[in-house]
Chemist: 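This structure is in structure tokens; I'll ask about it shortly.
Along the sequence shown, residues are numbered consecutively beginning with 1. As a basis for the values below, the full set of heavy atoms in this structure was taken, side chains included, without hydrogen atoms, waters or symmetry mates.
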Amino acid sequence: MSDFAVKITVLILYAGALIGYGIYEGRKTKSAADFNLGGRSVPGWVAGLSERASAESAWTLVGLPGYAFVSGVVSFWVALGLLIGNIMAWTVIAKRMREEAEKYDAQTYVDWIVKRHSGSKAVTAIRVLGSFIIIFLFAFYIDAQVIGGSKTLHSLFGLSETVGIILTIAVILPYAVYGGYQSVVYADCIQSLLMIGALVIAPAYGVYYVSQADWVWQKSVFDAVRLASPTHLSWTGGLSGIAAGFMIANNIAWVIAYLGGMPHLTTRFMSMKDEANWKIGRNVAITWTLFGYIGSILIGFVGLAMWGPGGLSDPEQVMPLVMLKIFPPVIAAVFITSAIAAMLSTADSMLIVTSSEFTENILKPIILKDRPLSDKQALFISRCTMMVVGLSALALAFVLPSKVVYSIVSFAWAALGNPFAVVTCASIFWRKYTGTAALWTMIVGFVGTIAWQLSPLNDYIDARLAGLFPAIFTAWLVTQMSCKSEGRA
């Protein structure tokens, strides 16, 4: 069998298994509650693996290796921020969010905010604005996954960007639309295991491979990083003083969104069965994160040792190119499929959240004005909504530039994370925090973060960090102004 035949066989079997599983789970999905959160009966190990797959996306297997290839050891600051964020999310936020979802019978993240602040006159505005922010930014995040998928398919089969984008969406939509949360969360488990296998085995073998190969630029990964540029081995990227401090803070600032700022991850916390399962999920997720980020960066360094700093026209293709070089075709195809798995698992999770937020917070209470719907009607509406969102993401993927997976994810991560992390933490841990304050925290955090990202100041202090402070100040100020009127004094 030719190399091409091996690769296409692996990919078809994988895609077929996902779609088949989605159809199987779809037969068990009987209501919108099943579709949105799996009936809040998800085991801890499933939630942990699924949360990791949903979080790590094209970013971990395409964006971060490319960033490490270009930037060197400063990429470890990003990994440190993400690791700290994941630890804090699972130890501080996850348990409380599971309890909160059960207490308020929340179907979505925004539904939880509304029910948490049910006494406020701002609840309708919270529904509309919160859902809008999620839908708007998830469109960009989903597109980053679709673009990453097209890059991977190009490396694997030489397919054009257009064909790769269409194929990526064509795999995601059938199983996500029909199966809902149950099919997505269990499919994510398989994809999560595939991803961590690639992130552990490939860099370990890659370091050995470059030490033995004659054609590579450098036989040592350390020498490759040291010789790539004057700044590749600098922990400050060659900067000093306050500029170095800002650079480190900017990279570590990825931690912020983990503190309740990513609705597609928060829903994993909300869907767990009980406290015992939360502990299992916490241990699984944190272990995955530690090994996954180190492996992702090392893949970039292995590629740097192979081709040198100027050896790739698109550094974000370093992962699939490394796999194809060091492994036999069938193993390379399996590991490259893990990159596709990463993209699918994030995109499908976001499609579920987007569909659920629109259906539960805009369509039912505002457009349909809480008109009674049968389980079958509500489920049909959720599926149709997801199909529309998926097709819209397909259209947008042809508009966004194709070489900036890292930048697109960074943009969406900041604009989501800053407002929602503050709203989540304040709602859980600050008794006086009001619904009016939650609304204005979202407005100022969202608008302020995007405005900062579009300004020249973002080159010095990243919006992931700078956009947090207006949200915090707004939360404090509006709470002081409204806590008595909302009975939270």
Side-chain angles (χ1 to χ4, degrees), residues 25 33-57 81-113 115-116 180-193 195-196 254-293 345-346 348-350 352-353 356-357 416-417 420-431:
E25 285 293 339
D34 293 338
F35 191 87
N36 295 335
L37 281 178
R40 278 200 295 274
S41 60
V42 175
W45 66 270
V46 173
L49 288 174
S50 177
E51 186 267 345
R52 287 295 76 211
S54 300
E56 299 317 326
S57 69
L82 290 164
L83 175 61
I84 294 171
N86 184 255
I87 292 171
M88 293 180 68
W90 275 96
T91 55
V92 178
I93 302 296
K95 179 182 177 183
R96 291 295 299 269
M97 283 306 302
R98 192 205 67 77
E99 294 169 348
E100 291 275 310
E102 184 176 45
K103 177 180 177 181
Y104 293 102
D105 190 29
Q107 294 298 311
T108 71
Y109 172 73
V110 173
D111 188 41
W112 166 71
I113 299 174
K115 290 177 178 176
R116 188 74 166 71
Y181 190 86
Q182 284 287 97
S183 69
V184 165
V185 76
Y186 281 95
D188 283 354
C189 288
I190 299 169
Q191 293 169 166
S192 185
L193 292 171
M195 290 163 60
I196 196 63
W254 286 88
V255 66
I256 294 164
Y258 269 117
L259 304 180
M262 287 285 127
H264 65 300
L265 307 184
T266 306
T267 54
R268 295 303 187 271
F269 306 151
M270 295 168 66
S271 69
M272 285 184 289
K273 279 182 178 180
D274 49 37
E275 184 173 343
N277 279 280
W278 157 69
K279 292 178 180 178
I280 295 170
R282 175 198 61 194
N283 296 340
V284 168
I286 291 174
T287 302
W288 195 108
T289 303
L290 177 62
F291 288 100
Y293 287 142
S345 61
T346 298
D348 62 26
S349 299
M350 291 183 168
I352 284 284
V353 171
S356 301
E357 295 292 357
L416 277 166
F420 287 136
V422 176
V423 169
T424 300
C425 290
S427 294
I428 292 175
F429 300 112
W430 190 15
R431 183 181 59 82

Chemist: Please say whether more than 12 non-hydrogen atoms of neighbouring residues, nucleotides or ligands are located less than 6.0 Å from CZ in Phe291.
Modeler: no
Chemist: Can you give me the closest heavy-atom contact between Met262 and Gly417, atom names plus distance?
Modeler: CE-N, 4.0 Å
Chemist: Yes or no on side-chain contact (heavy atoms from CB on, under 4.5 Å) for Asp274 and Glu102, after CA distance, side-chain angles and deciding distance?
Modeler: CA-CA 10 Å; Asp274 49 37; Glu102 184 176 45; over 6 Å; no
Chemist: Grab the two heavy atoms, one from Cys189 and one from Trp45, that are nearest each other, plus how far apart they are.
Modeler: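 Smallest heavy-atom distance, with atoms named: SG-CZ3, 4.1 Å.
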Chemist: Output the distance between atom CZ (Phe269) and atom OG1 (Thr267), rounded to the nearest 0.5 Å.
Modeler: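 Phe269 CZ to Thr267 OG1: 9.0 Å, rounded to 0.5 Å.
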Chemist: side-chain contact (heavy atoms from CB on, under 4.5 Å) between Asn86 and Glu51: does it pass, once the steps are laid out?
Modeler: CA-CA 10 Å; Asn86 184 255; Glu51 186 267 345; 3.6 Å; yes
Chemist: How far does CZ of Arg96 sit from NZ of Lys103, to the nearest 0.5 angstrom?
Modeler: 8.5 Å
Chemist: Which atom pair, heavy atoms only, marks the closest approach of Gly44 to Met272?
Modeler: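 In terms of heavy atoms, the two residues are closest at CA-SD, 4.4 Å.
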Chemist: Can you name the closest pair of heavy atoms from Leu259 and Thr424 and give their distance?
Modeler: O-CB, 4.1 Å
Chemist: Find out whether Thr108 and Met270 are in side-chain contact, i.e. whether some heavy atom of one side chain is under 4.5 Å from a heavy atom of the other.
Modeler: no
Chemist: Side chains of Thr289 and Arg52: donor-acceptor distance under 3.5 Å anywhere?
Modeler: yes
Chemist: Mind checking the NZ-CD spacing from Lys115 to Glu100? Nearest 0.5 Å is all I need.
Modeler: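 Answer rounded to 0.5 Å: 12.5 Å.
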Chemist: Taking only residues two or more places apart in sequence, or in another chain, which ones meet Glu99 in a salt bridge (Lys or Arg N to Asp or Glu O under 4.0 Å)?
Modeler: none
Chemist: Does Ile93 reach the side chain of Phe429, with side-chain heavy atoms less than 4.5 Å apart?
Modeler: yes
Chemist: Which pair of non-hydrogen atoms, one from Ile256 and one from Ala421, has the smallest distance, and what is that distance?
Modeler: O-CB, 3.4 Å
Chemist: Between Lys95 and Trp278, is there a donor-acceptor pair closer than 3.5 Å when you use the side chain of the first and the backbone of the second?
Modeler: no
Chemist: Does the side-chain contact (heavy atoms from CB on, under 4.5 Å) test come out yes or no for Phe420 and Thr266, once each step is laid out?
Modeler: CA-CA 10 Å; Phe420 287 136; Thr266 306; over 6 Å; no
Chemist: To the nearest 0.5 Å, how far apart are OG in Ser356 and NE2 in His264?
Modeler: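 Rounded to the nearest 0.5 Å, the OG-NE2 separation comes to 13.5 Å.
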Chemist: CG/Leu83 to OH/Tyr258 distance, rounded to the nearest 0.5 angstrom?
Modeler: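 Rounded to the nearest 0.5 Å, the CG-OH separation comes to 9.0 Å.
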Chemist: Nearest 0.5 angstrom please: Tyr104 OH to Arg116 CZ, how far?
Modeler: 4.0 Å
Chemist: Using modelled atom types only, decide if a donor and an acceptor are shared between the side chain of Glu357 and the backbone of Tyr109 within a distance under 3.5 Å.
Modeler: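 Present.
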Chemist: How close do Trp288 and Ser192 get, counting heavy atoms only, and between which atoms?
Modeler: NE1-OG, 3.0 Å
